[in-house]
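First comes the structure, then the notes that go with it.
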Amino acid sequence: MTQIGNRDTFAVEVGEPVSPNLRVVDLWAAGKRLTAYDNVAYVPSLCHYLRSASAQVRRREIRPCPFPGRSPEEIFRRLEADGTEFRERYWFLQWSEIVDNVTPYAYLDDDLTIVFAFGRASHLFPDDVGKIFVARIPPDSFAATLDRAVDLLDDAPVG
C-alpha cells in the first residue's frame, strides 16, 4: 500500500488492483481505518468523489461550525439527532460503499474538522462502536492529500 497523508489526521492508502476498475483503497481519519468493512473501491467513481471533495474544500465550500462553542462530539450528537435537511448540509465523505459503515460530518473552523462514528457494529473493532472520533486537518493539506491520491489512482496500472 502507498500511503498519502497522515493516518492520525487523514490519509489515503492505495493498494493492489483487484480487477481493471477495482482497487484496494483504505481511508484513515483520527487514527481509525474508515474502510475496515469494505476497502475495494470502484476507481472511476472514487476519483470523481475525491476530485469533487478536494475542489469543495479548496474553495472553502464546507459550512462553518454549526454549533459554535460546542465540542466536536456534542456537534456530532446534535447533527445525528436532527431529523431535518439541516444535518445533510454537513454530510461528508459520501464516497461510495467503501465508507458505508461510517457516519461522517465536517465543518470548517480554522481547520477542516471531520467528526464521525462507525454506523455498523464491527467485529473487527468492537471497542470503536458507539464512539465519536474527531480529525482536524488544514483544508489545503486535506485537498492536497486527495489530489495526490487521485494522481496515484489515475496513474496506476490497470490489472
Side-chain angles (χ1 to χ4, degrees), residues 1 3-15 24-42 45-150 153:
M1 296 274 264
Q3 181 177 322
I4 303 161
N6 182 321
R7 288 179 174 183
D8 291 332
T9 53
F10 185 82
V12 179
E13 294 179 355
V14 178
V24 173
V25 177
D26 278 323
L27 303 175
W28 292 79
K32 299 295 176 182
R33 185 166 59 125
L34 304 179
T35 50
Y37 191 78
D38 177 6
N39 69 346
V40 177
Y42 180 66
S45 290
L46 183 61
C47 285
H48 167 77
Y49 292 129
L50 297 179
R51 283 185 189 102
S52 177
S54 174
Q56 182 184 25
V57 169
R58 276 195 200 286
R59 291 188 306 257
R60 306 301 194 264
E61 292 176 352
I62 303 296
R63 292 185 173 272
C65 180
F67 305 106
R70 304 281 184 180
S71 72
E73 295 82 1
E74 177 64 18
I75 290 167
F76 179 90
R77 285 189 285 276
R78 285 175 174 243
L79 289 171
E80 271 298 279
D82 186 283
T84 69
E85 293 176 8
F86 177 76
R87 77 173 175 179
E88 294 175 16
R89 299 175 194 163
Y90 294 91
W91 281 349
F92 199 64
L93 302 176
Q94 305 289 309
W95 298 345
S96 79
E97 51 280 330
I98 65 170
V99 286
D100 276 355
N101 66 314
V102 181
T103 303
Y105 299 101
Y107 56 88
L108 280 177
D109 283 335
D110 292 329
D111 287 333
L112 175 66
T113 301
I114 303 169
V115 293
F116 65 94
F118 291 98
R120 227 181 251 165
S122 173
H123 65 282
L124 299 172
F125 306 105
D127 292 341
D128 290 344
V129 175
K131 291 183 181 175
I132 298 167
F133 299 95
V134 180
R136 290 184 176 92
I137 183 170
D140 291 334
S141 294
F142 179 85
T145 297
L146 298 186
D147 293 342
R148 288 177 46 218
V150 168
L153 288 163

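Counting begins at 1 with the first residue of the sequence. Just so we're clear, the structure is a prediction, and the values are computed from it rather than from any experiment.
- Asn39 has its side chain out of reach of Ile98: every pair of non-hydrogen atoms, C-beta onward, lies at least 4.5 Å apart.
- Between Leu108 atom CG and Tyr90 atom OH the span is 10.0 Å, to the nearest 0.5 Å.
- Two residues are said to be in side-chain contact when any heavy atoms from C-beta on lie closer than 4.5 Å; Phe86 and Leu79 meet this criterion.
- Side-chain contact check for Asp111 and Thr113: no donor-acceptor pair (N or O, by modelled atom type) lies under 3.5 Å.
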Legend entry - Stepwise side chain to side chain contact (heavy atoms under 4.5 Å, CB included) check, Val25 with Leu153: CA-CA 9 Å; Val25 177; Leu153 288 163; 4.1 Å; yes
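- Residues Arg33 and Glu13 are not paired through a salt bridge, judged by the lack of any N-O separation under 4.0 Å between the basic side chain and the carboxylate.
- Listed for the Gln3 side chain is a donor-acceptor partner under 3.5 Å among the backbone atoms of Gly5.
- The shortest side-chain heavy-atom distance between Asn101 and Asp38 does not fall under the 4.5 Å cut-off.
- With sequence neighbours left out, the salt bridge (Lys or Arg N to Asp or Glu O under 4.0 Å) criterion links Asp140 to Arg60.
- Residues Val57 and Pro139 share a closest heavy-atom pair of CG1-O, 3.4 Å.
- With a 4.5 Å cut-off on side-chain heavy atoms, Arg89 and Pro66 do not count as touching.
- Atoms CG and CD1, from Asp8 and Ile137 in turn, are 11.0 Å apart once rounded to the nearest 0.5 Å.
- If you take OG1 on Thr103 and CD on Gln94, they are separated by 8.5 Å, rounding to the nearest 0.5 Å.
- A side-chain donor-acceptor contact under 3.5 Å links Arg87 to the backbone of Glu80.
- By the 6.0 Å contact criterion, CD on Glu61 is enclosed, its count of non-hydrogen atoms from other residues, nucleotides or ligands being greater than 12.
- Annotation: side chain of Leu93 is in contact with side chain of Leu34 (closest heavy-atom distance under 4.5 Å).
- A donor-acceptor pair is defined here as one N or O able to donate and one able to accept, closer than 3.5 Å; no such pair exists between the side chain of Thr145 and the backbone of Ile4.
- When all heavy atoms of Ala30 and Phe133 are compared, the closest pair comes out as CB-CB, 4.3 Å.
- Summarising the geometry, atom OG belonging to Ser96 is positioned 6.5 Å from atom OH belonging to Tyr49; distances are rounded to the nearest 0.5 Å.
- Test Tyr105, Phe142, Phe10 against Phe92 for ring pair (Phe, Tyr, Trp, His ring centres under 6.0 Å) and you get one pass: Phe142.
- Under a 4.0 Å N-O distance rule, the pair Asp109/Arg136 does not qualify as a salt bridge.
- Remark: Arg70 pairs with Phe67, Glu74, Ile75, Arg78 by the side-chain contact (heavy atoms from CB on, under 4.5 Å) rule, at least two apart or across chains.
- Closest approach of Pro104 and Phe116 over heavy atoms only: CA-CB, 3.9 Å.
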Legend entry - From CA spacing to verdict: side chain to side chain contact (heavy atoms under 4.5 Å, CB included), Val102, Lys32: CA-CA 11 Å; Val102 181; Lys32 299 295 176 182; over 6 Å; no
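- Looking at Val150, Thr35, Asp26, Leu27 one by one, the single match for side chain to side chain contact (heavy atoms under 4.5 Å, CB included) with Val12 turns out to be Leu27.
- Annotation: side chain of Cys47 is in contact with side chain of Arg51 (closest heavy-atom distance under 4.5 Å).
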